[in-house]
There are 2 protein chains.
Amino acid sequence: MSANSAFEEYLRESDYSVTRARRLVFAALENQEPQSIAELLKNLTSIDRASVYRTVTLFEKLDIVRRIQIGWKYKLELTEQFNFHHHHLICKNCGTIIPLRENPTIEASILALATEYGFKPIDHQLEIQGYCSTCLQKMTPAK
Amino acid sequence: MSANSAFEEYLRESDYSVTRARRLVFAALENQEPQSIAELLKNLTSIDRASVYRTVTLFEKLDIVRRIQIGWKYKLELTEQFNFHHHHLICKNCGTIIPLRENPTIEASILALATEYGFKPIDHQLEIQGYCSTCLQKMTPAK
DNA sequence: GCTTTTTCTGCAAATTTATCGCAATTTTTG
DNA sequence: CAAAAATTGCGATAAATTTGCAGAAAAAGC
């Protein structure tokens, strides 16, 4: 029964225990749209608020999750380590988040740019705000 | 004495009054490093906390300011409308924020990418985390 | 410039979001 | 399986953000 997921192995390697709370928080984020802390808490009623915060803080430190900014608020999602690396299109009108699969040209330019400054890039985020095709259609007639 | 700044004209065009609080918040952000709300409040003791929040919220709606994510916290800076468009290198070790001037290749790729999805891009942010040259030098001997 | 109307701001209170200390529980170790 | 170490839940707090409303400041109309 040593069905260790990559996640559990990573926790152990990092010298942290594999606990019920951590497994559940991870599971709640896996294969999901980015979620706010409020949403996470709602989906995890069997875990105390404080533990969810503590877990998320730990996960961020270990680069298991990251925040993405959605207007005034933020949401959480797994990092590329446990998810494909991707960026987002965020519709300013309806709030839809469209994940973009990795784009070699952009990724390469980003690395090259950072390196020019003697900087060693580890991670990056690209978020694009605008209007999705659905909203554009609804809006066009208006003007 | 109608020395109207672009900022004040923009507020008027958008049907909002030009007030003392708005001028001061704008001034506090102008030509500065990105600031947290806490820092803004500290620099703006003559304006009530609630008004600073309200002003920042309005500014965000009008695309005058945007948030950038710095680890677990966020900071505010003026958007390209009142500042040069740029991205950031953020050192994971010392926390330094290095502004990057616009890079035509990246900008073009970003626009092209969004357009492929029928998306109309309005704004975007690119944040790169890693290690700055200074920290790299200090760290190298260690291993 | 002065009055009226409309839009902001300050203030105090209320909400919401996040953190803390510590005893009890769970996980790891051997 | 027992002992040691790490983590959780709980209640209490603290920090961050929002709200209602009366008074003040800005815009609009003479």
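So that the names make sense, note that chain A is the first sequence line, chain B the second, and so on, each numbered from 1.
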Please tabulate the protein-to-nucleotide N/O contacts below 3.5 Å involving nucleotides 26-28 of chain C, giving atom names and distances.
from   : atom 1 : to      : atom 2 : distance (Å)
C:dT27 : O3'    : A:Val18 : O      : 3.3
C:dT28 : OP1    : A:Val18 : N      : 3.1

Check whether any side-chain N or O of B:Thr55 sits under 3.5 Å from a backbone N or O of B:Ser51 as a donor-acceptor pair, and report yes or no.
yes
Picking from C:dA18, C:dC20, C:dT9, which would you name as closest to the side chain of B:Ser51?
C:dT9
Nearest-nucleotide wise, let me know which of B:Asp48 and A:Thr55 is further upstream toward the 5' end of DNA chain D.
A:Thr55
Side-chain donor or acceptor of A:Arg22 paired with backbone N/O of A:Ser17 under 3.5 Å:
yes
Please tell me which of the listed nucleotides, D:dT7, D:dT17, C:dA18, lies nearest to the side chain of B:Ile37?
D:dT17
Should we count NZ of A:Lys120 as having more than 12 external heavy atoms under 6.0 Å?
no
Nearest-Å distance for atom pair CG/P, residues B:Leu62 and C:dC8
11 Å
Can you measure B:Tyr74 atom OH to C:dA18 atom C1' for me and round it to whole angstrom units?
13 Å
Nearest-neighbour nucleotide for the B:Ala50 side chain, D:dT19, D:dT8, D:dG9 considered:
D:dT19
Would you kindly give the CG-to-P distance between A:Leu76 and C:dA18, to the nearest whole Å?
9 Å
If I take atom CZ in residue B:Arg54 and atom P in nucleotide D:dA24, what distance separates them, rounded to the nearest angstrom?
16 Å
Verdict with supporting geometry, A:Phe82 and A:Phe59, ring-ring contact (aromatic ring centres under 6.0 Å, His included)
CA-CA 12 Å; A:Phe82 298 103; A:Phe59 281 10; 8.6 Å; no
In this structure, how many angstroms lie between the P atom of D:dA16 and the CG atom of B:Leu41, rounded?
9 Å
Looking at every strand, decide which applies to A:Ser36 at a 4.0 Å heavy-atom threshold: base, sugar-phosphate, or nothing.
nothing
Quick one: B:Arg49 CZ to D:dA15 P, roughly how many Å, whole number?
12 Å
Please determine, for the side chain of A:Arg22, which listed nucleotide (C:dT9, D:dT7, D:dG9) has the closest atom?
D:dT7
Just jot down the side chain to side chain donor-acceptor pair (under 3.5 Å) partners of B:Asp63, sequence neighbours excluded, or say none.
A:Lys92
Atom CG of B:Asp15 and atom P of D:dA28: how far apart are they, to the nearest Å?
9 Å
Atom pairs and distances, donor-acceptor, side-chain atoms in residues 24-35 of chain B, under 3.5 Å, two or more places apart:
from    : atom 1 : to      : atom 2 : distance (Å)
B:Gln35 : OE1    : B:Asn43 : ND2    : 2.9
B:Gln35 : NE2    : B:Ala28 : O      : 2.8

Quick one: do A:Glu60 and A:Arg66 satisfy salt bridge (Lys or Arg N to Asp or Glu O under 4.0 Å)? Show the steps, please.
CA-CA 6 Å; A:Glu60 235 238 335; A:Arg66 65 188 187 108; over 6 Å; no
Of D:dT18, C:dA18, D:dT8, the nucleotide closest to the side chain of A:Tyr53 is C:dA18
Between D:dT7 atom C1' and A:Lys61 atom NZ, what is the distance in whole Å?
14 Å
